[in-house]
Protein chains: 2
Amino acid sequence: MESKLPSIDSVFSVDCVIFGFDAGELKILLIERNEEPFKDWLALPGYFVEQNESIDNAAARILYELTGLNDLHMEQFHTFGELNRHPQGRVITVAYYALIRTSSKKELRPISQYAKKAFWHPVNDLPKLAFDHTKIFETGFSKIRRRLNTQPIAFELLPEKFTLTQLQSLYEAIENRKFDKRNFRKKMLGFGFLKELNEKEKDVSYRAAKLYRFDKRRYMKVLSDEGGIEN
Amino acid sequence: MESKLPSIDSVFSVDCVIFGFDAGELKILLIERNEEPFKDWLALPGYFVEQNESIDNAAARILYELTGLNDLHMEQFHTFGELNRHPQGRVITVAYYALIRTSSKKELRPISQYAKKAFWHPVNDLPKLAFDHTKIFETGFSKIRRRLNTQPIAFELLPEKFTLTQLQSLYEAIENRKFDKRNFRKKMLGFGFLKELNEKEKDVSYRAAKLYRFDKRRYMKVLSDEGGIEN
DNA sequence: ACAAAAGTGTTGCACGTACACCCATGT
DNA sequence: ACATGGGTGTACGTGCAACACTTTTGT
C-alpha cells in the first residue's frame with residue numbers, strides 16, 4: 001500500500017428507502033428527479049456523498065435536502081457497486097432504510113432543486129424507478145420484512161399511541177398476509193412490552209379500541225432476560 | 001444532478017473476513033501487512049477497488065492476490081465509511097465474509113507483495129488489527145452467528161463428508177456454547193437435508209462415526225415445501 | 001480391560017394455530 | 001335496530017429442553 005492513496009475517478013452516493021404507513025397501506029418515499037440522467041423519472045431520494053462527511057451523515061443530509069425530512073433513524077442495509085448501474089460512470093451507492101411515523105410526517109418539501117417534488121407511494125404497484133432503484137427498494141423491503149420479527153421496527157411506523165388492530169394491519173401490510181386476530185393479540189401482549197394506556201380511540205363510528213404504547217424500557221428488559229436461560 | 005459526475009478524491013476498498021474451521025476451532029484469515037500505513041501489523045485481507053471492476057469481482061481478486069485463495073463464495077455484509085478510519089484520507093470500505101472448508105484449504109501464499117504472509121488465526125484471542133479491522137471482524141462475526149440458524153452456512157466450513165459430532169462442535173464454536181448431543185442430532189436429522197452415507201470415519205482410535213453429507217437438493221426442497229403452509 | 005467417543009427415547013413445557021361468538025358504540 | 005369493528009378462550013400439534021446409559025472400537 002503506497003503512502004499516497006491511489007487517486008481514481010470514483011464517486012459514491014447514498015440512496016434512501018423510507019417506509020411509512022398510512023391509511024392501512026405501506027408506502028415509500030419517492031422523488032421526481034429534476035436533473036439528468038433520468039430527469040423527470042421517479043427515484044429513491046439519493047445523492048452524492050461529499051468529501052468530508054461520513055456516509056451516515058450524508059444519508060441524513062441528502063434525505064433532508066430532497067424531502068425536508070430529518071431526524072430519522074436510518075440504517076445502512078446494502079451497497080450496490082455494479083459497474084453499469086449509473087449511465088455516466090462508476091458510482092457506488094450505499095443504501096439506507098428508515099421507518100417513520102405517519103403522525104410525525106412533516107410536509108414533504110424538497111430544499112434542493114434536484115428534486116421537483118417528494119411524495120409517498122404505496123409499495124405495491126410501484127412504477128419503474130430510475131437507475132437500479134427498483135432493485136434497491138426490493139432488497140430493502142426484504143430486509144425489513146425479515147427484521148420485523150427480530151426487532152421492534154413496526155412501532156416506528158405507527159403513531160405513539162396505537163390500537164392492536166392498527167398494529168396487526170401493519171404486520172399484514174409488511175408480510176402481505178392475514179393473521180388471526182386472537183392469536184396476534186395473544187402473541188403481542190405476551191411479549192410484555194406493550195403498555196396498555198387508559199385511553200381509547202376517539203372519533204370513530206364504532207366501539208372505540210384501547211390504545212397501547214411500545215414500552216422501550218420493558219422491551220430492553222425482556223431482551224436481557226432472555227439471555228439467561230440457555231443450555 | 002449534473003451531466004458530469006462530481007470528481008472528488010474518493011477511494012474505496014474491500015476487506016474480507018474469511019472463516020475456517022480447523023482442529024475444533026473457528027479461525028479467520030489474517031495477513032501481515034508489508035506496506036505503510038500499519039506496516040507489519042496484522043490485518044484482514046483487503047485492498048483498493050479498481051476503476052473498472054465491480055466490487056464483487058474486486059473482493060475475489062484481492063483475496064486471491066493477498067492469500068492465494070480463490071473460488072470462494074463471498075458475500076457483502078457492511079460498508080464502513082467513517083471519515084477517520086484510514087489515516088491517509090477518506091477510504092470507504094465494503095466488507096465481505098466467506099466460509100471455507102478446511103479440507104479444501106490450499107496453501108496460503110500471497111501473490112502480491114502487499115502481504116508478507118497470510119495465515120489462520122483463532123477468532124478467540126485475536127490480536128489488535130490494523131485500521132478498524134477489529135470492528136469489521138466483530139460485525140462480520142455477529143452476522144454469521146445470526147445467519148447460522150437461517151442459512152446452511154455451517155456446511156461450507158466442514159469437509160464434504162462429516163460426522164454429526166463435527167457439525168455439533170462447529171455450531172458450538174460459532175455460538176460459543178454447548179449443545180445437548182441427543183437434541184442436536186434429533187434436530188439436524190429432522191431437517192431432512194443431511195444424507196447419511198454408507199461410510200464411517202477412518203483412522204480413529206475409538207468407535208468410528210457415520211459420515212454425512214449436506215444434500216443441497218433436499219435442502220432446496222425442504223425450503224420450498226415450507227412456503228406452502230401458512231395462515 | 002480400559003479409554004474414548006458413538007449412538008439412542010421419553011417426558012414436560014412453551015408456543016403456534018385453528019376456530020366463532022358476544023360486546024360496545026355511533027348513526 | 002343495525003352496522004362496524006373490539007374483544008375474548010380452548011384444544012391440538014409441534015418443537016425445544018432436560019436428562020443417562022449402552023455400544024463399538026482401538027490400544
Side-chain angles (χ1 to χ4, degrees), chain A residues 23-25 148-150 154 158-159 161-173 175-213 222-223 225-231, chain B residues 23-25 148-150 154 158-159 161-173 175-213 222-223 225-231:
Chain A
E25 272 191 315
L148 183 63
N149 291 308
T150 35
L158 290 173
K161 301 172 182 182
F162 52 84
T163 70
L164 291 176
T165 301
Q166 285 168 349
L167 184 62
Q168 181 174 346
S169 72
L170 172 55
Y171 270 77
E172 290 175 341
E175 298 203 12
N176 197 28
R177 62 193 179 103
K178 295 291 180 188
F179 293 97
D180 177 83
K181 186 163 54 157
R182 280 173 291 190
N183 293 337
F184 184 82
R185 285 162 179 247
K186 206 187 319 170
K187 182 174 167 181
M188 285 297 155
L189 294 175
F191 286 142
F193 50 65
L194 291 187
K195 177 164 186 169
E196 184 180 330
L197 303 175
N198 288 325
E199 274 182 86
K200 302 205 160 186
E201 276 182 303
K202 294 210 164 125
D203 302 320
V204 289
S205 68
Y206 49 82
R207 176 177 175 178
K210 280 183 204 158
L211 291 171
Y212 292 81
R213 163 184 301 162
V222 170
L223 263 198
D225 287 354
E226 275 172 6
I229 313 169
E230 310 282 352
N231 208 338
Chain B
E25 271 191 316
L148 183 62
N149 291 308
T150 32
L158 290 172
K161 300 172 182 182
F162 52 85
T163 70
L164 290 177
T165 301
Q166 286 168 351
L167 184 61
Q168 181 175 345
S169 71
L170 172 56
Y171 270 78
E172 291 175 342
E175 298 204 12
N176 196 29
R177 62 193 179 104
K178 297 289 180 190
F179 294 97
D180 176 83
K181 185 161 56 154
R182 280 174 288 189
N183 292 338
F184 184 83
R185 285 161 179 249
K186 207 185 318 168
K187 183 174 165 181
M188 284 299 156
L189 294 174
F191 286 142
F193 49 65
L194 290 187
K195 177 164 187 168
E196 184 180 331
L197 304 174
N198 289 326
E199 272 182 89
K200 302 204 162 189
E201 276 181 302
K202 294 208 165 124
D203 303 318
V204 288
S205 70
Y206 49 80
R207 175 175 176 181
K210 281 181 202 156
L211 291 171
Y212 292 81
R213 163 183 300 164
V222 170
L223 262 200
D225 287 352
E226 276 171 7
I229 312 169
E230 309 282 352
N231 208 338

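So that the names make sense, note that chain A is the first sequence line, chain B the second, and so on, each numbered from 1.
Distance CG (A/Leu211) to C1' (D/dG5): 15 Å, rounded to an integer number of Å. In this structure, A/Arg185 atom CZ and C/dT17 atom C1' are separated by 17 Å, rounded to whole Å. Taking atom NZ on B/Lys178 and atom C1' on D/dC16, their separation rounds to 20 Å, with Å as the unit.
Every residue meeting the side chain to side chain contact (heavy atoms under 4.5 Å, CB included) condition with B/Glu25, not counting sequence neighbours, appears here in chain and number order: B/Lys27, B/Pro122. Residues that satisfy the ring-ring contact (aromatic ring centres under 6.0 Å, His included) test with A/Phe162, not counting sequence neighbours, are A/Phe155. For the side chain to side chain donor-acceptor pair (under 3.5 Å) test, no residue two or more places apart in sequence or in another chain qualifies with B/Asn176. In this view, A/Gln166 satisfies the side chain to side chain donor-acceptor pair (under 3.5 Å) rule with no residue, not counting sequence neighbours.
The stretch residues 163-171 of chain B comes close to DNA chain C through B/Thr165, each having a heavy atom under 4.0 Å from the strand. Within residues 187-203 of chain A, no residue has any heavy atom under 4.0 Å from DNA chain C.
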Tell me which donor-acceptor pairs under 3.5 Å the side chains of residues 201-209 of chain B have, and how far apart each pair is, sequence neighbours excluded?
unit_1, atom_1, unit_2, atom_2, d
B/Glu201, OE1, B/Ala209, N, 3.0

Under 3.5 Å, side-chain donor or acceptor atoms of residues 184-200 of chain A against the rest of the protein: list the pairs with distances, not counting sequence neighbours.
unit_1, atom_1, unit_2, atom_2, d
A/Arg185, NH2, A/Thr165, OG1, 3.3
A/Glu196, OE2, A/Lys210, NZ, 3.3
A/Glu199, OE1, A/Lys161, NZ, 3.3
A/Glu199, OE2, A/Lys161, NZ, 2.8

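At C/dA4, none of the side-chain N or O atoms of B/Arg207 fall inside 4.0 Å of OP1 or OP2 (strictly under the cut-off).
In terms of position on DNA chain C, the residue among B/Lys181 and A/Ala208 whose nearest nucleotide sits closer to the 5' end is B/Lys181. Each of A/Ala209 and B/Val204 was matched to the nucleotide of DNA chain D holding its nearest heavy atom; the match closer to the 5' end belongs to A/Ala209.
For B/Lys210 and C/dG7, a side-chain-to-base donor-acceptor distance below 3.5 Å is absent, hydrogens and geometry of angles not being considered.
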With the criterion being N/O to N/O and under 3.5 Å, what pairs connect the protein with nucleotides 9-14 of chain D, and how long is each?
unit_1, atom_1, unit_2, atom_2, d
D/dT10, O4, A/Lys186, NZ, 2.8

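Between the CG atom in B/Leu170 and the CG atom in B/Leu158 there is a gap of 5.0 Å [rounded to 0.5 Å].
Between A/Glu175 and A/Asn149 there is a side-chain heavy-atom pair separated by less than 4.5 Å. Contact check for B/Leu164 versus B/Tyr212: side-chain heavy atoms found under the 4.5 Å cut-off.
With A/Phe179 as the fixed residue, the side chain to side chain contact (heavy atoms under 4.5 Å, CB included) test singles out one of A/Lys181, A/Arg182, A/Arg177: A/Arg177.
Closest approach of B/Ala173 to B/Gly24, counting heavy atoms only: CB-O, 4.4 Å.
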